Amino acid sequence: MKKLLSGSPSVSLFPICFWCAVNLLRLVELSQAQDATNATTDPSEVSALNSIFQKWGVSASSTWNTTGDPCSGSAIDDSVTSNDINPALKCLCNFNNGTTCRITQLSVSALNARGPIPEELGNLTKLFDLNLRRNYLTGPLPAFIGNLTDMQFLSFGTNALSGPIPKEIGKLQKLKSLSSHQTQRPESLKLSIKMLLGSNKDCSQHKVFIYWKYSKMEESPSPGF
């Protein structure tokens, strides 16, 4: 009589297969990390960042500019957040088959940056988080901000910006939070924001948290839109 095969070997293979899967995942992670290390920042964004920092008198942090390329070090380290460093930079390096990094987060907070917001900022088109709080920025909030269509978090609070919020912000369909110091009166802000979001849209379905400072330095949250 032919002996039936025992089921026990298949059980013993389970931990082997499990550890094979774990090791495979580790290899994939290492490969992705290596690809990110080999990728370089888009040259147009390097040029834009250099120009912005030069105009503001700000120096790149050695924690993310470790190789002479902005998207290195903490800029591509997921264990480090943009709140841990100032100025802070975070990048995503999955463009052009993993050979190109794009700047996705930029924070220059309380570093005495002075003057208008440079037009070169408009070249950082993959930004989704921009924090320029507590500086001495002047002039209007530029219309080119509306071209940064990935933007979700936008903060210009506690600066000396003037003029109304530009209507081009209405292009920022992913926007979740806006903080700014404008000379626009609070009573006109709600109407302006509704116009920015579009008269044919239900503002209750487009949640944007807005904070502003009026010229008397009175700070209030918006009632919500």
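Keep in mind the model is a prediction, meaning the values are calculated, not measured. Residues: numbered from 1 along the sequence shown.
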With heavy-atom distances below 4.5 Å as the criterion, would you say the side chains of [X] and [Y] are in contact?
X: Leu127; Y: Leu121; answer: yes
X: Phe144; Y: Glu119; answer: yes
X: Leu130; Y: Met151; answer: yes
X: Ile145; Y: Glu168; answer: no
X: Ser74; Y: Ile85; answer: yes
X: Leu111; Y: Trp56; answer: no
X: Phe95; Y: Asp42; answer: no
X: Trp64; Y: Cys91; answer: no

Item to check | Between Asn50 and Ser47, a side-chain donor and acceptor under 3.5 Å | outcome: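 No donor-acceptor contact under 3.5 Å links the two side chains.
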Next on the checklist: When you compare the side chains of Thr67 and Asp69, does any donor N or O come within less than 3.5 Å of an acceptor on the partner?
Outcome noted: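 Looking only at side-chain atoms, Asp69 and Thr67 do not form any donor-acceptor pair under 3.5 Å.
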Starting at [atom1] of [X], measure out to [atom2] of [Y] and round the result to the nearest 0.5 Å.
X: Ser44; Y: Asn123; atom1: OG; atom2: CG; value: 6.0 Å
X: Lys126; Y: Asp150; atom1: NZ; atom2: CG; value: 5.0 Å
X: Lys174; Y: Gln152; atom1: NZ; atom2: CD; value: 7.0 Å

Checklist entry - Is the gap between the SG atoms of Cys93 and Cys101 under 2.5 Å? => result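 Correct, these two cysteines form a disulfide.
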Item to check | Set of residues satisfying side chain to side chain contact (heavy atoms under 4.5 Å, CB included) with respect to Ser51, sequence neighbours excluded | outcome: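 If we apply the side chain to side chain contact (heavy atoms under 4.5 Å, CB included) test to Ser51, skipping adjacent residues, the hits are Lys55, Glu120.
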Next on the checklist: Could you work out, with side chain to side chain contact (heavy atoms under 4.5 Å, CB included) as the rule, every residue matching Asn94, not counting sequence neighbours?
Outcome noted: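 So Asn94 forms a side chain to side chain contact (heavy atoms under 4.5 Å, CB included) with Leu92.
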Next on the checklist: Closer than 3.5 angstrom, by distance alone: can the side chain of Asn135 be matched with the main-chain N or O of Leu137 as a donor-acceptor pair?
Outcome noted: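 Between the backbone of Leu137 and the side chain of Asn135 there is no qualifying donor-acceptor contact (under 3.5 Å).
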Item to check | Any donor-acceptor pair under 3.5 Å from Thr41 side chain to Cys71 backbone | outcome: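 Pair found, side chain donor or acceptor close to backbone of Cys71.
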Next on the checklist: Is there a path of hydrophobic side-chain contacts, each under 4.5 Å between heavy atoms of I/L/V/M/F/W/Y residues, joining Ile103 to Val80?
Outcome noted: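 Yes, Val80 connects to Ile103 through the hydrophobic network.
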Checklist entry - Hey, quick one: are Leu49 and Val58 part of the same hydrophobic cluster, counting side-chain heavy atoms closer than 4.5 Å, chains of contacts allowed? => result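 Yes.
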Checklist entry - Got a sec, which pairs hit salt bridge (charged side-chain N to carboxylate O under 4.0 Å, His left out) with one end in residues 96-116, sequence neighbours left out? => result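 Checked against salt bridge (charged side-chain N to carboxylate O under 4.0 Å, His left out) - neighbours excluded - the pairs reaching residues 96-116 are Glu45-Arg102.
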Which heavy atom of [X] sits nearest to which heavy atom of [Y], and what is that distance?
X: Pro140; Y: Leu161; result: O-CD2, 4.4 Å
X: Pro87; Y: Val108; result: CB-CG2, 4.2 Å
X: Phe156; Y: Asn159; result: O-ND2, 2.9 Å
X: Ser82; Y: Gln105; result: OG-OE1, 3.3 Å
X: Ser61; Y: Thr63; result: OG-OG1, 2.7 Å
X: Gly73; Y: Thr66; result: N-OG1, 3.4 Å

Checklist entry - Is there a side-chain hydrogen bond (donor to acceptor under 3.5 Å, both in side chains) between Thr99 and Asn97 once you walk through the steps? => result CA-CA 6 Å; Thr99 63; Asn97 296 319; over 6 Å; no
